[in-house]
K.L.:
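The structure that follows is given in the form of structure tokens.
Just so you know, these numbers use all the heavy atoms, side chains as well, and skip hydrogens, waters and symmetry mates.
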Amino acid sequence: MPWLEGTLERVLWSSDSSGWAVVRLHTVDQGSVMAVGSLASLDAQEEGAFVALEGDFEDHAVHGRQFRATGLLEATPHTEQGLRVWLASAGVKGIGPAIAGRLVDHFGFDLVRVMQQEPRRLREVEGMGPSRISALTEAWSRDEEGRALTLLLRGLGLSQRLADRIRQRYGERATHVVRHEPFRLADEIGGVGFKTADALARQQGLPRDDPGRVRAALRYVVEQEAENNGHCFTTRAELARRLEALDVPTDRLDDALDAAEGAGRVVLEGDEVWPAELHQSEDLVARELAALAPGPDLDPGEEIARAERWVGVTLDPSQREAVRLALRGGVCVVTGGPGTGKTTLLRVLLRVLVERGAKVALASPTGRAARRMEEATGMPASTLHRLLKYDPGRGGFQLGVTEPLEVDVVVVDETSMVDLPLLRALVDALPIGGPVTPSLVLVGDADQLPSVGPGQVLRDLIASEVLGVARLDTVHRQAGDSGILEAARDVRQGRVPAPRSEVRDVFLLARPEAEDALRTLLTVVAERLPANGFDARADVQVLAPTRRGALGTERLNQELQARLNPDSPGLKRGETEFRLHDRVICTKNRYDVEVFNGDVGRVTRVELERLTIDFDGRTVVWERDDLTMLDLAWATTVHKSQGSEYPAVVLALHGSHGLLLRRNLFYTAITRAKRFVCVVGAPDAWGRAVRQVGGDERRTGLGRRLRTAALRAEEG
């Protein structure tokens with residue numbers, strides 16, 4: 001990697017949130033040079049400080065030639081020219097440009113070794129007496145430990161920003177912590193995981209059975225089961241297997257578990273090992289939902305009839321029963337597939353509640369789903385995070401036990417997407433025990449995929465059999481109007497959808513070879529659909545079960561971008577370029593700008609180090625350093641598409657998608673489409689998908705806890 005070395009002239013711009021900065025350096029051979037990168041820590045440096053940047057020069061379309069820094073070592077020269085600059089800027093009394101030049105001319109880059117090992121030889125240079133030699137070697141040694149630590153961390157792949165955070169967090173003890181207590185980093189520094197800490201430990205020679213390593217590995221496995229697989233607990237046997245895969249001894253696993261439980265990190269229930277927070281959340285949710293007892297079973301028939309007349313609909317018996325259950329109070333779960341009238345019954349329910357003068361809050365897990373809810377009901381709706389007033393600075397919700405919601409009824413749509421921590425936050429904010437016991441109405445499709453986060457809330461609430469559940473199974477849209485509804489019903493009943501000649505909105509294109517399937521998919525999106533009135537950029541969403549592989553979203557996005565948006569200016573992150581007009585998706589919750597995992601937007605502006613993105617009407621500035629939380633979204637996974645609807649869906653479903661070929665995934669993908677769906681891939685994979693039921697169940701305890709809590713409530 002080339003180096004740029006010079007003295008700091010000025011920090012032109014920097015971002016505290018992303019760490020990105022634009023700076024100007026003075027170099028001996030090139031004069032003033034503009035540099036960009038994760039350089040915000042230079043804000044604390046005085047003008048004239050020596051700076052060494054790792055990276056390379058590039059030609060920017062707007063700003064011309066600049067140096068893009070990939071690493072920053074403020075006090076470490078790497079060339080003879082850099083040594084001259086460092087010597088002249090180190091603040092050593094009596095050493096200016098002239099003596100600095102003589103030192104480098106005499107010793108070359110070997111001057112570094114001479115200062116460290118043979119400082120007396122510095123007398124060979126005219127003007128270097130004992131006092132100057134002593135001051136120079138002290139100045140070099142003063143920065144040496146910090147340089148070594150930064151090089152160690154950067155060598156393990158940590159970003160400069162992360163290395164700076166470690167040094168800021170521990171100060172003078174940073175080197176001690178990194179070398180002797182590396183697993184503290186996994187606990188105390190966001191962005192440092194077990195594997196990075198373990199690599200540090202191995203470099204320092206810590207034994208594989210070090211107690212700190214075993215404890216850290218245990219926490220890592222338990223947390224990863226929740227984060228990656230959605231489980232609320234793991235079993236001892238699975239824990240032991242995962243630890244062995246990490247080369248962690250398990251002969252003292254029981255002792256490590258007891259220590260973790262004593263420290264309040266895990267909860268042990270027989271063979272189950274729970275992250276303490278998820279155990280507490282399940283227990284609280286079960287107790288509080290059981291406490292939301294319904295009121296007397298009065299007949300609201302006349303109220304419902306008046307609301308039907310006002311809305312202009314006639315409910316079927318299952319819809320009317322759902323409204324009756326919701327009006328009774330307590331917790332009501334409404335579940336049904338597309339076309340079964342969930343939105344229609346909500347309109348009637350809300351009309352009755354308005355007539356009663358109730359305070360109602362409507363919410364959904366995603367902004368897009370909340371907007372659809374608002375459009376369908378004519379009442380304000382918001383995301384659950386906004387309803388509960390998430391505070392990014394504090395890292396939690398403003399509303400909760402001490403400051404609850406001031407409402408009588410909360411209605412949540414797309415509940416299949418709600419994970420356990422989010423449900424716990426909502427339950428915390430319900431004014432249970434106050435003068436008015438609120439009602440909670442949870443609406444969703446139990447046949448869809450579960451939430452991305454831990455738990456399977458909707459399934460567990462229904463399976464508990466202690467809450468009021470209304471199941472809708474009558475399709476109200478005429479079958480002749482929508483082959484998509486028929487296709488969804490086929491999949492739910494275990495059949496591969498059969499295209500119908502009278503309705504041309506469902507196509508299955510058999511392409512057993514992955515490359516043939518890819519070519520066909522691109523033709524459908526870029527040519528056939530536009531020829532039939534669809535805007536390929538705005539109306540069509542490509543879905544796939546996985547990220548990787550010949551028909552995974554990573555390759556699909558590259559190919560689709562090349563076809564749909566080939567020439568727009570962009571901003572690169574690694575191999576991915578985000579271009580003007582690209583469709584993009586947020587991959588992690590960004591509470592600071594209220595954009596969440598799965599939110600899709602459109603790039604509306606590209607600047608030197610940032611993008612401007614429109615997330616369904618909300619404009620957000622996205623700094624370069626935050627591009628790691630962004631992906632292209634011309635294609636996205638079926639899981640990420642939950643809560644969204646698109647005019648047209650093109651689904652890649654092939655044998656290479658392996659274990660993810662399941663009925664609920666196929667069903668979820670089809671039900672994202674409003675007007676058109678096309679499945680491209682291998683027929684044997686479609687058959688496997690509709691036959692494969694289950695296999696993705698999550699380890700949870702919410703159902704059994706609800707039954708226990710309800711029994712205690714009855715007895716108490």
Side-chain angles (χ1 to χ4, degrees), residues 153 156 158 162 165-166 169-171 173-287 395-396 419-421 424 453-455 698-702 704-705:
L153 297 174
L156 288 170
L158 272 69
L162 207 52
R165 286 175 55 199
I166 291 170
R169 169 71 171 78
Y170 300 111
R173 287 185 51 79
T175 300
H176 173 84
V177 171
V178 169
R179 296 193 181 281
H180 302 287
E181 303 175 87
F183 295 105
R184 283 183 60 185
L185 303 180
D187 270 351
E188 300 171 1
I189 303 293
V192 178
F194 168 77
K195 291 186 177 180
T196 299
D198 198 33
L200 278 169
R202 295 298 182 93
Q203 282 207 3
Q204 315 311 320
L206 267 68
R208 60 188 288 272
D209 61 350
D210 178 79
R213 181 172 187 261
V214 176
R215 288 194 298 270
L218 188 155
R219 292 194 299 273
Y220 169 74
V221 169
V222 172
E223 291 166 2
Q224 284 292 298
E225 283 289 272
E227 184 175 330
N228 291 345
N229 301 319
H231 296 306
C232 290
F233 67 86
T234 187
T235 64
R236 288 177 183 255
E238 178 65 14
L239 179 59
R241 186 187 70 78
R242 292 280 306 277
L243 289 174
E244 288 170 354
L246 292 171
D247 192 31
V248 175
T250 58
D251 52 336
R252 301 193 66 182
L253 178 57
D254 287 343
D255 292 341
L257 284 170
D258 290 342
E261 186 176 40
R265 293 186 174 276
V266 302
V267 174
L268 306 179
E269 281 192 353
D271 189 49
E272 300 171 0
V273 182
W274 291 74
E277 186 173 351
L278 292 181
H279 185 275
Q280 182 187 50
S281 292
E282 270 205 1
D283 189 58
L284 182 140
V285 165
R287 286 189 285 107
D419 61 20
L420 178 63
R424 190 261 173 87
R698 296 178 172 182
R699 293 190 287 266
T700 68
L702 183 57
R704 72 172 186 254
R705 293 188 204 284

K.L.:
So, using side chain to side chain donor-acceptor pair (under 3.5 Å) as the criterion, who are the partners of Asp258 when residues are at least two apart?
P.N.:
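Partners of Asp258 by the side chain to side chain donor-acceptor pair (under 3.5 Å) criterion come out as none, since no residue qualifies.
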K.L.:
Do you know which two heavy atoms are closest between Arg236 and Leu253, and how far apart they sit?
P.N.:
O-CD2, 4.4 Å
K.L.:
Which residues satisfy the side chain to side chain donor-acceptor pair (under 3.5 Å) test with Tyr220, sequence neighbours excluded?
P.N.:
none
K.L.:
Has Arg208 got more than 12 heavy atoms of other residues, nucleotides or ligands less than 6.0 Å from its CZ?
P.N.:
yes
K.L.:
Would you say Glu238 and His231 are linked by a side-chain donor-acceptor pair, where the criterion is simply a distance under 3.5 Å?
P.N.:
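Glu238 and His231 do not have a side-chain donor-acceptor pair below 3.5 Å.
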K.L.:
Which atoms form the tightest heavy-atom contact between Ala240 and Thr250, and what is the distance?
P.N.:
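For Ala240 and Thr250, the tightest heavy-atom pair comes out as O-CG2, 3.8 Å.
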K.L.:
Where is the tightest heavy-atom contact between Pro182 and Leu200, given as atom of each residue plus distance?
P.N.:
CB-CB, 4.0 Å
K.L.:
For Glu225, what residues pass the salt bridge (charged side-chain N to carboxylate O under 4.0 Å, His left out) criterion, not counting sequence neighbours?
P.N.:
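Per chain and number, Glu225 pairs via salt bridge (charged side-chain N to carboxylate O under 4.0 Å, His left out) with Arg242, Arg699.
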K.L.:
Between Asp209 and Arg213 (salt bridge meaning N to carboxylate O under 4.0 Å), is one present in this structure?
P.N.:
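Judged by the 4.0 Å cut-off on N to carboxylate O distance, Asp209 and Arg213 do not form a salt bridge.
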K.L.:
Suppose we screen for side chain to side chain donor-acceptor pair (under 3.5 Å). Which residues come up paired with Asp187, at least two apart in sequence or across chains?
P.N.:
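Counting only residues at least two positions away or on another chain, Asp187 forms a side chain to side chain donor-acceptor pair (under 3.5 Å) with Arg219, Arg265.
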K.L.:
Under the side chain to side chain donor-acceptor pair (under 3.5 Å) test, which residues partner Thr700, sequence neighbours left out?
P.N.:
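Checked Thr700 against side chain to side chain donor-acceptor pair (under 3.5 Å); matches are Asp460.
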K.L.:
So which heavy atom on Pro421 is nearest to which on Leu278, and how close?
P.N.:
CG-CD2, 4.1 Å
K.L.:
Can you see which heavy atom on Phe183 is nearest to which on Ala216, and at what distance?
P.N.:
CD2-CB, 3.6 Å
K.L.:
Does Glu277, at its CD atom, have more than 12 non-hydrogen atoms belonging to other residues, nucleotides or ligands within less than 6.0 Å?
P.N.:
no
K.L.:
Write down the atom of Cys232, the atom of Leu420, and the distance for their closest heavy-atom approach.
P.N.:
SG-CD2, 3.9 Å
K.L.:
Using the ring-ring contact (aromatic ring centres under 6.0 Å, His included) rule, collect all pairs that involve residues 232-252, keeping only residues at least two apart or in two chains.
P.N.:
Phe233-Trp274
K.L.:
Check Glu282 with Arg698, please: is the shortest side-chain N to carboxylate O separation under 4.0 Å?
P.N.:
no
K.L.:
Check the pair Val266, Leu218 against side-chain contact (heavy atoms from CB on, under 4.5 Å), reporting the backbone distance first and the verdict last.
P.N.:
CA-CA 10 Å; Val266 302; Leu218 188 155; 4.2 Å; yes
